[in-house]
Amino acid sequence: QVQLVESGGGLVQTGGSLRLSCAVSVGTFGTNVMGWFRQAPGKEREFVAGIRYDSGRTYYADSMKGRFTISRDNAKNTVYLQMNSLKPEDTAIYYCAADGSSGSRRPGDFRSWGQGTQVTVSS
């Protein structure tokens, strides 16, 4: 499986911004889809955003559009999630995922996962 390591999580105030990074093992870009998911305590894992390795095509959960942006830097083998206008309800563990199919939004469609990074938005 693909090796994924998330970073960039932390504590931020309501309205603030944060950028998460997902370092991907060499050779994984160019195949299938990368995604970001999040999971809050007591809730199921939910889709946030996805991006194709090769084309850079992106897609989002409707509730994330306009605030979150997924991108990738192929030269650095890194996928990012820029989060703006953060709200307390964004508090969750954020996971990077790999090897999804085009347009995948379900956790079960992704075959590789990172360990997650905690994002906490305070009031």
Q: Would you check if Leu86 and Leu18 make a side-chain contact, meaning some heavy-atom pair closer than 4.5 Å?
A: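 Contact flag for Leu86/Leu18 side chains = yes.
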
Q: With a 4.5 Å limit on heavy-atom distance, are the side chains of Val24 and Met34 in contact?
A: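 Result yes, sub-4.5 Å side-chain heavy-atom pair found.
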
Q: Does the side chain of Val119 reach to within under 4.5 Å of the side chain of Met83, using non-hydrogen atoms?
A: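 A side-chain contact under 4.5 Å exists here.
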
Q: Is a side-chain N or O of Thr91 found less than 3.5 angstrom from the main chain of Pro88, in a donor-acceptor match?
A: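 Between the backbone of Pro88 and the side chain of Thr91 there is a qualifying donor-acceptor contact (under 3.5 Å).
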
Q: Report yes or no: does Arg67 contribute a side-chain atom to a donor-acceptor pair with the main-chain N or O of Ser85 at less than 3.5 Å?
A: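 Between the backbone of Ser85 and the side chain of Arg67 there is a qualifying donor-acceptor contact (under 3.5 Å).
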
Q: Any idea which heavy atoms bring Asn77 and Asn74 closest together, and the distance?
A: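 Taking every non-hydrogen atom into account, OD1-O, 3.0 Å.
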
Q: With rounding to the nearest 0.5 angstrom, report the OH to OG1 distance, Tyr94 to Thr117.
A: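 OG1 of Thr117 is found 10.5 Å from OH of Tyr94.
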
Q: Restricting to non-hydrogen atoms, name the atom on Thr78 and the atom on Ala23 that form the minimum distance, rounded to 0.1 Å.
A: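 Where Thr78 meets Ala23 most closely, the heavy atoms are OG1-CA, 4.4 Å.
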
Q: Say whether Asn84 and Ser17, considering side chains only, have a donor N or O and an acceptor N or O under 3.5 Å apart.
A: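 A pair is found: one side chain offers a donor N or O, the other an acceptor, under 3.5 Å apart.
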
Q: Is Lys87 salt-bridged to Asp90, cutoff N-O under 4.0 Å?
A: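 No, this pair does not count.
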
Q: Compute the centroid of each ring, for Tyr95 and then for Phe37, and state whether the two points are separated by less than 6.0 Å.
A: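 No.
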
Q: Distance check, rounded to the nearest 0.5 Å: Phe68 atom CZ versus Gln82 atom CD?
A: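 CD of Gln82 is found 10.0 Å from CZ of Phe68.
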
Q: Is Glu46 close to Met64 at the side-chain level, that is, under 4.5 Å between some pair of heavy atoms?
A: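 Yes, their side chains come closer than 4.5 Å.
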
Q: To check you understand the geometry: which heavy-atom pair defines the closest contact between Asp54 and Arg72, and what is its length?
A: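 Answer, listing the atom of Asp54 first, then Arg72: O-NH2, 3.0 Å.
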
Q: So, for Gly116 and Glu6, which heavy atoms are closest and what is the spacing to 0.1 Å?
A: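 Of all heavy-atom pairs spanning Gly116 and Glu6, the closest is N-OE1, 2.9 Å.
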
Q: With the side chain counted from C-beta on, respond yes when Tyr60 and Val48 share a heavy-atom pair under 4.5 Å apart, and no when they do not.
A: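 No; the side chains remain at least 4.5 Å from each other.
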
Q: In Å, rounded to the nearest 0.5 Å, how long is the span from OG of Ser104 to CG of Asp99?
A: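 Answer for the OG-CG pair, Ser104 versus Asp99, is 10.5 Å.
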
Q: If every non-hydrogen atom of Leu4 is compared with every non-hydrogen atom of Cys22, which pair is closest and at what distance?
A: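 Smallest heavy-atom distance, with atoms named: CD2-SG, 3.9 Å.
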
Q: So, Ser21 side chain and Ser7 main chain: donor-acceptor pair closer than 3.5 Å or not?
A: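 Not confirmed, Ser21 side chain does not pair with Ser7 backbone.
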
Q: Tell me whether Trp36 is reachable from Tyr80 by hopping between hydrophobic residues (I, L, V, M, F, W, Y) whose side-chain heavy atoms are closer than 4.5 Å.
A: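 Different clusters: Tyr80 never reaches Trp36 through Ile, Leu, Val, Met, Phe, Trp or Tyr contacts under 4.5 Å.
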
Q: Please examine the side chains of Arg57 and Ser102, heavy atoms only from C-beta on, and report whether any two atoms are closer than 4.5 Å.
A: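 In short, these two side chains touch, coming nearer than 4.5 Å.
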
Q: Rounded to the nearest 0.5 Å, how far does CD1 of Ile51 lie from OG of Ser71?
A: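 Answer rounded to 0.5 Å: 6.5 Å.
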
Q: Does the pair Thr69 and Leu81 meet the rule for a side chain to side chain contact (heavy atoms under 4.5 Å, CB included), with working shown?
A: CA-CA 6 Å; Thr69 303; Leu81 182 68; over 6 Å; no

Q: Any chance CD of Glu44 has more than 12 other-residue heavy atoms, nucleotides or ligands included, within less than 6.0 Å?
A: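 Open.
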
Q: Can you tell if the side chain of Ser101 reaches within under 4.5 Å of the side chain of Phe110, non-hydrogen atoms only?
A: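 When only atoms from C-beta onward are counted, Phe110 and Ser101 do not touch, as no gap falls below 4.5 Å.
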
Q: May I ask you to test the Val33-Tyr59 pair for a side-chain heavy-atom distance under 4.5 Å?
A: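 A side-chain contact exists here, since the closest heavy-atom pair is under 4.5 Å.
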
